[in-house]
Amino acid sequence: MTEIPVPRDIPLPLPAPEPVLIAVLVIFFLMHIVFVNFMIGGALLTLHYELRGLKEKRYDKLAYAIASTITANKSIAVVLGIGPLLAINTIYTVYFYTANALTGAFWISIIPLVIAAFVLTYIHKYLWHQMDRVKWLHIAIAIVVCLLFLFIPLIFLTNINLMLFPEKWGTTQGFFSALALPNVFPRYAHFILACPAMTGLLMVWLFRRRSAQEIEETGFARVELMRKGYQWAFWPTSAQFLVGPLAMLTLPQVETNLHAVWAVFGIAILVSLGMAHLMFAETRRPAETIGKSFLPICALMLVVVSLMGVGRHLYREAAVTPHRELVRAKTQDYMRKVEEANRAVATKAPAEKTQ
Amino acid sequence: MDFPVFHLDLLGNRGLIATIAILHVLINHGLAVGMMPLVAAMEWYGNKKQDPRWDRLAYKILFFCFLITTTVGALTGVGIWLSVSLVNPYSIGSLIRVFFWAWFTEWLVFITEVCLILAYTLTWKKWSARGPEWKARHIKLGFALAFFSWVTMAIIVAILGFMMDPGNWLTDHSFWTGVLNPLYIPQLAFRTPLAAAMAGIISMFLILFFTGKQDAFRLEALRAVGVWTLVFAPFVLLAGWWYYTSVPEAMKDNLAVSLATMQFAEWQNKFLQIAVVTVITILLVVQVAIARPNLLPKVALVVPFVAILWMTGHFERVREFIRKPYVIGQYMYANGLRVGDYALLQRDGVLAYATYSNPLTPAEQAGLPAGLSGEQRDALLERIQKGKDVFMDTCSRCHTGHGMNSITGHLKRMFGDRPWTPELTAGYIEGMHYAQPFMPPFPGNAQELQWLGAYLEHLQNNTAPIPGAQTAGVIVNGDAAPRTATTDIRKETAAR
């Protein structure tokens, strides 16, 4: 039988009150994730439209318009990820570092994989027109970018999941065994579906404010472009009503009660229903009124995303709190022993210390 | 001990960090901190002279930097974190707790920097087309970007400086005493002109790509950037000297060990030689670029560039001198153990407090002496297992089994093909911090020294790579802990 490890924490105080660190973690992480959604969704939509563009040229232009957004979004996504990383390092030191080490090879490969994805994204964007004559190669690059962007989040998710379950640490051997823990794939599906949905909203925002001349150049009417955006937002969001609860129900049971978590996710589902309703209504609107509900939809999305962030945090706390108390007790006990041993040495041989 | 041990037996753990960090420093200094002011200056100059060729060149160089810094540059920055937290979670975890707000501020500045470089690059053509007022605004944006790049570096250097010399932090544990350590200003003063000179050399190289051979502008541009480089070169030397003379003060505790003094003197001599070679090559090449630009081949510029790299690399090693055997001076050794933990660990042993054990793979179990009974074999394997745990917890942050800076390499050099029995090795390890000032004292107890000896002896006959927790996983040690804190532990904690 494997035992549940109880490591000691780093014996230095937290650099700020815990609520502050939690706020940094939750708020900036959500901002980070939104841009990651734009980036991944952007890559997927670009590929989709570029393929359609093979038959109908104007889709190629649309693909290019979406591809142009990825480069800025990806830079913002990366830089916004650092703050939450700092915070998670302090609040969940033991849990996070342990999960990292146990999946170390894949964890560190995030760096070269992201570099490769970004470089290819640049090539794809900036050589778009030069590569017209080798379209197959250009599309192949887009496919590789999409595969990379689909794989990298899985590494993060596996880590974040593994860190919650100390009882699994003793039996985890590398990334793939951590991947096999329950709940990884439902959560992954939940995340991936959010990418086209968020990017759909980004499309609406983008084409709502483009000048008439820029819209003209794409070969589509503004209403068509906006409708496409809403469709991307609506259909994946509808699927979330299945995938979301599945991700929730496959969350491993923990000792503490989860009423608060269920309540938060429950409210999120209700709000999402309202939001999905508005999205659907928008897809049916004519040119004159389309976009009327855009701001309410964004506001509701913000609420849903925030609730997701809060629910996620509450679950994480529920999962680790009992174990964290053990860690705390063990750390204190150890530090007492350290002090005692140092006192013993100091009284026994004060001279030795200066060596 | 408290974290599963990530381990790379070929490249070495420090090799991983070094590879990522060197790449990052190179890009950060050469393409961001030093280059952004140069690009902004080019744009300003082109605007002043109303010479669009400068503008085009500046944009091309900027675009190149944009591509590299927002991919390899940004990600290697994150990579330093990820790799250090894999290799030495104790040190980075402690540093973040002390320096959270410094890093947080640095992060805000970094966000600003990223937004500025996006804005500066992506608005270049649009704003330039909108007339002189917007052009002036764009140039200001460039200088703002240059400033923020420098501030990012200034904060990082504070953190690096602290790791070398924590000054008074140990006694009053405050943030500012950590930041304002004695090496801070000299180090910053050194890195600033170094970055500018590096950028000069790199852009001379880029100019050769971005301009035609017959182009008269090529000569003009090379000359101007050559002057830029020459202006900064003396400051590199001056500030380098300043930094270099501040170092002995900072490492006075280490210099108490005569061997460290010897090694440091060696380092100093080598540094002087490299610095002289570097400066001479820079001067020569830049002279040619200024006086006879059309005679300058591309490869010629590679020479001063490599020289600068060599000098920077050698210079960065000074950190090791000052820091060793610590990872956070006087507070934590490079093996991740706190100085204050030693009394306890040397009494009770390291393994008594280790949360995990590092299982031997079947390949690692090969090579046992022939003719052992089953029982003897098991007993020996148990000793080897314990010895491996001691090795992983106390040596593996710096040594591999068979790769870079490998323990077997050292033992072979020291003891040749004689059997590396515990009798032979234990004595050395007990005093290893005297023999090699790079190394912390052995943290375990006498029994563990014997186990480690048994393991080292085994390594002589077994060359299987030592796997880290990322492939072999861990075994959780002893006293089964219940999943939930029992009520009395809770009460106990509450009472404290």
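Throughout, protein chains are lettered first and strands after them, A, B, ... in sequence-line order, and every chain is numbered starting at 1.
- Between chain B and the residues A/Ala101, A/Gly174, A/Ser177, A/Gly81, the most heavy-atom pairs under 4.5 angstrom are made by A/Ala101.
- Contact of B/Val114 with chain A is made through the side chain alone, with heavy-atom distances under 4.5 Å.
- By the neighbour-count criterion of 12 heavy atoms within 6.0 Å, atom OH of B/Tyr59 is densely surrounded, having more than that number from other residues, nucleotides or ligands.
- A/Phe106 does not touch chain B: none of its heavy atoms, backbone or side chain, sits under 4.5 Å away.
- Nearest approach of A/Ser75 to B/Leu118, heavy atoms of both residues: CB-CD1, 4.1 Å.
- Most heavy-atom pairs under 4.5 Å with chain A: of the set B/Val72, B/Leu67, B/Leu16, this distinction falls to B/Leu67.
- With a 4.5 Å cut-off on non-hydrogen atoms, A/Val20 touches chain B through its side chain but not through its backbone.
- Considering only heavy atoms from C-beta on, A/Leu14 stays 4.5 Å or farther from B/Phe100 through its side chain.
- To the nearest 0.5 Å, atom CD1 of residue A/Ile88 and atom CD1 of residue B/Ile96 are 11.0 Å apart.
- Chain B forms the most heavy-atom pairs under 4.5 Å with one residue out of A/Glu339, A/Arg8, A/Gln173, A/Lys337, and that residue is A/Arg8.
- For the pair B/Arg97 and A/Asp9, the salt-bridge criterion is met [side-chain N within less than 4.0 Å of a carboxylate O].
- Considering all non-hydrogen atoms of both residues, B/Phe3 and A/Val94 come closest at CE2-CA, 3.6 Å.
- Among A/Ala105, A/Gly83, A/Ala178, the residue making the largest number of heavy-atom pairs under 4.5 Å with chain B is A/Gly83.
- Within 6.0 Å of CD on A/Gln213 lie no more than 12 heavy atoms contributed by other residues, nucleotides or ligands.
- The parts of B/Ile92 that come within reach of chain A are both its backbone and its side chain, each placing non-hydrogen atoms under 4.5 angstrom from that chain.
- Proximity to chain A at a heavy-atom threshold of 4.5 Å picks out B/Ala343, B/Leu344, B/Leu345, B/Arg347 from residues 342-351 of chain B, in numerical order.
- With a 4.5 Å cut-off on non-hydrogen atoms, B/Phe104 touches chain A through its backbone and its side chain both.
- Looking at B/Phe63, the atoms closer than 4.5 Å to chain A (heavy atoms on both sides) all sit in the side chain, from C-beta outward.
- Here the CG-OG1 distance, from B/Asp2 to A/Thr93, works out to 11.5 Å after rounding to the nearest 0.5 Å.
- The side-chain heavy atoms of A/Leu12 and B/Tyr331, taken from C-beta on, include a pair separated by under 4.5 Å.
- Interface remark: A/Thr172 contributes backbone atoms only to the contact with chain B (heavy atom separation under 4.5 Å).
- Ring planes of B/Tyr353 and A/Tyr334: perpendicular class, angle over 60° (limits at 30 and 60°).
- For the pair B/Phe110 and A/Val79, the minimum side-chain heavy-atom distance is below 4.5 Å.
- The most heavy-atom pairs under 4.5 Å with chain A, out of B/Ile20, B/Val78, B/Ile475, B/Thr71, come from B/Thr71.
- Interface remark: B/Leu108 contributes no atoms to any contact with chain A (heavy atom separation under 4.5 Å).
- Looking at B/Thr471, the atoms closer than 4.5 Å to chain A (heavy atoms on both sides) all sit in the backbone: N, CA, C or O.
- With a threshold of 4.5 angstrom between heavy atoms, A/Phe28 approaches chain B through side-chain atoms but not through N, CA, C or O.
- The most heavy-atom pairs under 4.5 Å with chain A, out of B/Trp107, B/Tyr356, B/Phe6, come from B/Trp107.
- For the atom pair CH2 of A/Trp107 and CG of B/Leu86, the computed distance is 8.5 Å after rounding to the nearest 0.5 Å.
- Between B/Phe99 and A/Pro15, the closest side-chain pair of non-hydrogen atoms is not below 4.5 Å.
- Contact check for B/Thr70 versus A/Thr71: no side-chain heavy atoms found under the 4.5 Å cut-off.
- Of all heavy-atom pairs between B/Trp103 and A/Leu86, the closest is CB-CD2, 3.8 Å.
- Rounding to the nearest 0.5 Å places CD1 of A/Ile4 at 13.5 Å from OG1 of B/Thr355.
- Per-residue counts of heavy-atom pairs under 4.5 Å with chain A were compared for B/Gly473, B/Gly468, B/Pro4, B/Ala469; the largest is that of B/Pro4.
- Here the CG atom belonging to A/Asn100 is positioned 11.5 Å from the OG atom belonging to B/Ser83, to the nearest 0.5 angstrom.
- For chain B, the nearby part of A/Val78 is the side chain; its heavy atoms alone come within less than 4.5 Å.
- Counting heavy atoms from C-beta on, the side chains of B/Ile111 and A/Leu80 come closer than 4.5 Å.
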